[in-house]
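In what follows, chains carry the letters A, B, and so on, assigned in the order in which the sequence lines appear, proteins first and then strands, with residues in each chain numbered from 1.
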2 protein chains.
Amino acid sequence: MPVDDPIARLLKAFNDIQNLSPEVEYQFAELCKKIEVKKHQNLQSIGQTCRTIYFVNEGAARIYYYKEDKDVTEYFAFENDLIIRAESLFTGKPSHKAIQTLKDTSFIAIPAPPLFELFDQYHDLERLFRKLLEKSYVETINRLESLQFQTAEERYQTLMTKSPVVVREIPLKHIASYLGITQVSLSRIRATIT
Amino acid sequence: MPVDDPIARLLKAFNDIQNLSPEVEYQFAELCKKIEVKKHQNLQSIGQTCRTIYFVNEGAARIYYYKEDKDVTEYFAFENDLIIRAESLFTGKPSHKAIQTLKDTSFIAIPAPPLFELFDQYHDLERLFRKLLEKSYVETINRLESLQFQTAEERYQTLMTKSPVVVREIPLKHIASYLGITQVSLSRIRATIT
DNA sequence: CTATTCCTTTTACAAATGTTAAATAATCAG
DNA sequence: CTGATTATTTAACATTTGTAAAAGGAATAG
């Protein structure tokens with residue numbers, strides 16, 4: 001495999017989290033499919049049940065949904081980030097959320113059912129995904145904490161510190177809804193802190 | 001084991017999620033310790049690194065922390081609910097959160113390091129905890145969604161529907177901070193919808 | 001290059017929520 | 001049972017955030 005092969009790169013990132021045997025790596029790589037999506041396209045659409053796990057190889061994407069006709073961004077994903085519609089994937093119910101690219105993006109797509117079957121044979125692979133889940137869970141708890149008792153300005157400051165790439169590259173309207181405020185409000189905040 | 005043995009009861013709930021062999025059940029039960037805590041006591045305190053996984057056997061508890069001297073409730077747990085300080089447990093860092101009982105409560109305590117060691121031997125046990133983690137993760141995402149773009153009144157209505165036991169049994173000040181508002185605000189909301 | 005579209009800011013006003021303090025109501029310990 | 005403590009509500013006012021509309025900037029397609 002070439003060094004810049006995206007699947008090889010993903011496996012390298014995985015091995016930092018959980019050591020995988022060459023056999024598991026091979027079986028896992030067999031499931032992976034590289035997907036190229038142009039900017040502003042939906043990778044998965046609302047109403048569909050999620051059965052695929054994605055990693056961003058290059059580019060950026062978001063999970064969003066509509067709350068009373070308003071576009072709300074729930075999550076941003078950049079290189080090597082996992083992007084899944086967790087509720088739908090784990091419960092088997094249709095998702096009211098969609099995944100959309102923010103620029104031309106290449107993903108690695110892993111169909112969940114055969115992946116979950118591999119878990120039976122390869123304990124380490126299941127452990128890897130348990131650890132990825134732990135990481136996502138902790139991140140979500142931290143965001144919850146931030147939404148629960150920080151002011152909008154504090155949340156924006158936190159985002160600028162923790163994810164400067166978001167503030168640099170993502171349209172403000174998406175950042176606003178991600179922070180749980182309107183874009184007008186975010187503009188005001190930016191005006192006062194600059 | 002008697003039918004009302006709390007560990008037996010927990011194992012029964014576990015088997016509904018993931019089938020466990022008698023051997024795993026035995027090994028797991030060996031780790032469990034029953035803990036009785038009086039009302040309003042801290043089970044785990046702020047600053048300590050979390051290395052224990054708890055289940056509520058009977059009673060109720062909350063996870064809370066201080067945000068600028070204000071007591072903020074992050075999570076409520078009732079019978080059969082898992083209660084862990086996830087960030088600390090999964091990262092090994094000291095927690096800025098504490099666990100406190102809301103009434104006289106009995107817990108089942110499971111020390112995490114030996115549990116994680118059992119995962120090496122018993123694949124099914126790791127899978128059980130992966131599934132429990134999935135469930136907690138989905139719940140947290142749903143709460144995030146609620147905090148991100150629902151009004152305080154909508155969040156209170158949702159809570160009354162989804163967890164009437166919380167509204168019935170928990171002091172309003174804890175519910176208010178759980179919803180991300182002040183108790184004054186919650187009182188106002190209650191006055192308008194009654 | 002230009003026109004169009006989309007993004008961001010600004011303004012003025014409305015609504016929701018926070019703050020502080022006081023008044024009730026409920027609970028608890030002795 | 002009673003006084004003390006704790007919980008909840010109410011009030012008045014301040015602050016934050018939302019809404020709608022308009023104006024200015026930036027990006028994009030042809």
Does anything in residues 167-189 of chain B form a salt bridge (charged side-chain N to carboxylate O under 4.0 Å, His left out)? List the pairs, not counting sequence neighbours.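 Passing the test, one end in residues 167-189 of chain B: B:Lys103-B:Glu169.
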
Within residues 140-154 of chain A, the residues having a heavy atom closer than 4.0 Å to DNA chain C are none

Students should find that the hydrophobic cluster of B:Leu172, defined by side-chain heavy atoms under 4.5 Å apart, otherwise consists of B:Phe76, B:Phe78, B:Leu102, B:Tyr156, B:Leu159, B:Met160, B:Val165, B:Val166, B:Val167, B:Ile170, B:Ile175, B:Tyr178, B:Leu179, B:Ile181, B:Leu186, B:Ile189, B:Ile193

Electrostatic pair B:Lys39-B:Asp104, nearest N-O below 4.0 angstrom | no

*Presence of salt bridge, A:Arg130 and A:Glu134, under 4.0 angstrom*: yes

[X]: ring-ring contact (aromatic ring centres under 6.0 Å, His included) partners, not counting sequence neighbours:
X	answer
B:Tyr64	B:Tyr66
A:His174	none
A:Phe28	A:Phe14

* Near-strand residues of residues 61-70 of chain B, defined as heavy-atom separation under 4.0 angstrom from DNA chain D ->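 Close to the strand, none.
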
Here the residues of residues 162-192 of chain A within 4.0 Å heavy-atom distance, strictly under, of DNA chain D are A:Gly180, A:Ile181, A:Thr182, A:Val184, A:Ser185, A:Arg188

Nucleotides 23-27 of chain D: which of its N/O atoms have a protein N/O under 3.5 Å away?
none

Within the 3.5 Å criterion, strictly below it, is a donor on B:Ser146 or B:Gln150 matched to an acceptor on the partner's side chain? yes

Check against salt bridge (Lys or Arg N to Asp or Glu O under 4.0 Å), B:Lys135 and B:Asp81
CA-CA 11 Å; B:Lys135 196 162 153 274; B:Asp81 281 344; 5.5 Å; no

task = State which residue, out of B:Gln100, B:Arg85, B:Lys97, fulfils the side-chain hydrogen bond (donor to acceptor under 3.5 Å, both in side chains) condition with B:Gln44.
result =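 With B:Gln44 as partner, B:Gln100, B:Arg85, B:Lys97 yield a single side-chain hydrogen bond (donor to acceptor under 3.5 Å, both in side chains), made by B:Arg85.
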
Here the ring-ring contact (aromatic ring centres under 6.0 Å, His included) pairs for residues 94-115 of chain B, sequence neighbours left out, are B:Tyr54-B:Phe107, B:Tyr65-B:His96

Spell out, yes or no, whether A:Val138 and A:Leu144 are grouped together once hydrophobic residues are joined by side-chain heavy atoms under 4.5 Å, including indirect joins.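 As far as the 4.5 Å side-chain criterion goes, A:Leu144 and A:Val138 are not connected within one cluster.
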
Does A:Tyr75 belong to the same Ile/Leu/Val/Met/Phe/Trp/Tyr cluster as A:Val72, with side-chain heavy atoms less than 4.5 Å apart forming each link?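 In one cluster: no.
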
- prompt: Measuring from B:Asn80:CG to B:Lys12:NZ, what's the distance to the nearest 0.5 Å?
  reply: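 The CG atom of B:Asn80 sits 10.0 Å away from the NZ atom of B:Lys12.
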
Between atom CG in B:Asp71 and atom C1' in D:dT6, what is the gap in whole Å?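 Rounded to the whole Å, the gap is 14 Å.
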
Table please: side-chain donor-acceptor pairs of residues 15-26 of chain B below 3.5 Å, with sequence neighbours left out.
residue	atom	partner	partner atom	Å
B:Asn15	OD1	B:Leu20	N	2.9
B:Asn15	ND2	B:Leu11	O	3.0
B:Asn15	ND2	B:Glu25	OE2	2.6
B:Gln18	OE1	B:Lys131	NZ	2.8
B:Ser21	OG	B:Val24	N	3.2
B:Glu23	OE2	B:Tyr122	OH	2.7

Per-helix bend value, the helix from C:dC1-D:dG30 to C:dG30-D:dC1, C1' rotation axes over five pairs per end, 10° rounding, shows 60°

